[in-house]
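Read through the structure below, which is laid out as C-alpha cells, and then see the notes.
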Amino acid sequence: EAELELPVVRHQPEGLEQLLEQTKFTRKELKSLYRGFKSVRGGGGVVGRPTSDPSRPFPDPSQTLPRPPENFLFEAFDTAGNGALCFQDFALGLSVLLKGTVQQKLKWVFDLYDINKDGYISKEEMLEIMRSIYEMMGHCTQPPPQDNTPAQHVEIFFQKMDRDGDGVVTFQEFLETCLKDKDIMSSMQIFENVL
C-alpha cells in the first residue's frame, strides 16, 4: 500500500513585513497567530460582528440586558469601526495586550470602557461593561454575585478614579489611579508569557 502523503498547509498573513514593524511579535509568532486566526474562521480572512445568543441566561429578565462581552471585545479590536475584524486588526490589538507597555495596555482598557469614544468614561459606560462581565462570569462564581454587585463596584471605582468629581473619568485620571493600585498593576502582567 502506498502511504498517503498529506500536503502541508502553510498560512502566511498578507503584509507580514508591515506587521513585523507595527507589532512586537516575531515572524514565527505572527505566522502561528495567523494559522490560528484562519483555522477559527474556517479559511476566511475576516471576522464579522458577533451576534447575540438568545438562549444566553441573564440575571434578571426585568433589567436592561447587558450587551454580551464579545461585542465589547470585538469593538475594541475593530479600530476602524467597520464591523469586520481582519487579521491585521487582531494582531495589532493583541500586540498591545500581550507585549505593550503598561501605559499602552491601560489605554487599551480605557478605550474598551469608553463605549461612545468621547474620551471619557462615564458611570453608565463602566456599569454597562461591568454588567456584561458579571453576566459572563457570574455563572462560574460561587456564590453567584448579587444583581447590584456591578453597580457597587462601579461606585468604588469612581470614588477612586474621578479625582475632580465631575462625573466622568479622563484617561489621565484612569492612568494615575491604575498606576498606584498594586492589584491593577499585577493584573497587567497576566498575559506577558502567553506566546
Side-chain angles (χ1 to χ4, degrees), residues 19-26 28-30 32-33 36-37 59 66-79 81 85 88-195:
L19 281 175
L20 283 168
E21 292 174 17
Q22 294 175 329
T23 68
K24 295 181 181 182
F25 292 122
T26 65
K28 183 179 178 181
E29 289 169 335
L30 280 172
S32 177
L33 285 171
F37 185 84
R67 288 178 18 202
E70 59 269 16
N71 285 339
F72 294 118
L73 291 173
F74 180 89
E75 290 165 8
F77 280 95
D78 179 22
T79 56
L85 183 65
Q88 286 76 4
D89 295 332
F90 177 71
L92 290 168
L94 210 54
S95 178
V96 170
L97 287 176
L98 299 181
K99 298 189 176 221
T101 65
V102 170
Q103 186 163 346
Q104 289 169 328
K105 291 175 184 181
L106 288 172
K107 176 67 171 133
W108 193 92
V109 172
F110 179 88
D111 290 343
L112 176 69
Y113 278 100
D114 182 13
I115 296 170
N116 67 4
K117 306 302 177 214
D118 66 355
Y120 302 95
I121 300 173
S122 68
K123 279 186 181 181
E124 293 77 19
E125 288 172 315
M126 186 174 277
L127 184 57
E128 189 170 349
I129 296 281
M130 293 296 274
R131 280 185 178 152
S132 182
I133 292 168
Y134 273 90
E135 186 272 322
M136 178 179 70
M137 299 303 293
H139 308 293
C140 305
T141 307
Q142 292 299 326
Q146 304 275 329
D147 288 342
N148 64 346
T149 303
Q152 291 171 342
H153 283 144
V154 168
E155 283 301 320
I156 292 167
F157 288 140
F158 256 80
Q159 287 176 8
K160 285 183 182 180
M161 292 185 184
D162 185 14
R163 295 171 179 239
D164 60 8
D166 64 354
V168 293
V169 174
T170 65
F171 176 65
Q172 194 59 40
E173 289 173 317
F174 182 82
L175 180 65
E176 289 172 7
T177 303
C178 290
L179 289 174
K180 291 178 182 174
D181 189 301
K182 291 177 185 173
D183 293 330
I184 293 172
M185 293 311 296
S186 67
S187 72
M188 290 289 109
Q189 313 305 319
I190 195 167
F191 297 115
E192 283 190 1
N193 298 314
V194 170
L195 290 177

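Start at 1 with the first residue, then count along the sequence. This one's a predicted model, so the numbers in the text were calculated from it and none came from an experiment.
D162 places a side-chain N or O within donor-acceptor distance of the main-chain N or O of G167, the cut-off being under 3.5 Å. Remark: the backbone N or O of R163 is paired with a side-chain donor or acceptor of E173 at under 3.5 angstrom. Side-chain N or O atoms of D114 include one that pairs as donor or acceptor with a backbone N or O of D118 at under 3.5 Å. Checked by atom type and distance alone, the side chain of E125 pairs as donor or acceptor with a backbone atom of N116 at under 3.5 Å.
The environment of CD in Q104 is crowded: more than 12 heavy-atom neighbours from other residues, nucleotides or ligands sit within 6.0 Å. Within 6.0 Å of atom NZ in K28, 12 or fewer heavy atoms from other residues, nucleotides or ligands are found, so the atom counts as exposed in its surroundings.
For the pair K107 and F171, the cation sits on the ring face: its NZ or CZ lies under 6.0 Å from the ring centre, inside 45° of the axis.
Residues Q172 and E176 bring a donor and an acceptor atom of their side chains to less than 3.5 Å of each other.
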Margin query: Show, in sequence, the C-alpha distance, side-chain angles and deciding distance for F25 and L19, and conclude whether the side-chain contact (heavy atoms from CB on, under 4.5 Å) test is met.
Written below: CA-CA 8 Å; F25 292 122; L19 281 175; over 6 Å; no
Checklist line | Check against side-chain contact (heavy atoms from CB on, under 4.5 Å), K123 and E155 | finding: CA-CA 8 Å; K123 279 186 181 181; E155 283 301 320; 3.1 Å; yes
Notebook entry, point to check: Given the rule in the side-chain contact (heavy atoms from CB on, under 4.5 Å) test, do L127 and F158 qualify, once you have shown the distances and angles that lead to the verdict?
Noted result: CA-CA 11 Å; L127 184 57; F158 256 80; over 6 Å; no
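Remark: F110 CZ to T170 OG1 distance equals 6.5 Å, nearest 0.5 Å. Here CZ of F74 is found 8.5 Å from CG of D89. Values are rounded to the nearest 0.5 Å. Atoms NZ and CE, from K105 and M185 in turn, are 9.0 Å apart once rounded to the nearest 0.5 Å. Atoms CE and OG1, on M161 and T177 in that order, are 5.5 Å from each other to the nearest 0.5 Å. Rounding to the nearest 0.5 Å gives a distance of 4.5 Å between CG of L112 and CD1 of I129. Between E29 atom CD and L94 atom CG the span is 10.0 Å, to the nearest 0.5 Å.
Between Y113 and F174, the ring-plane angle classifies as tilted under the 30° and 60° cut-offs.
Contacts of K24 classified as salt bridge (Lys or Arg N to Asp or Glu O under 4.0 Å), with partners at least two apart in sequence or in another chain: none.
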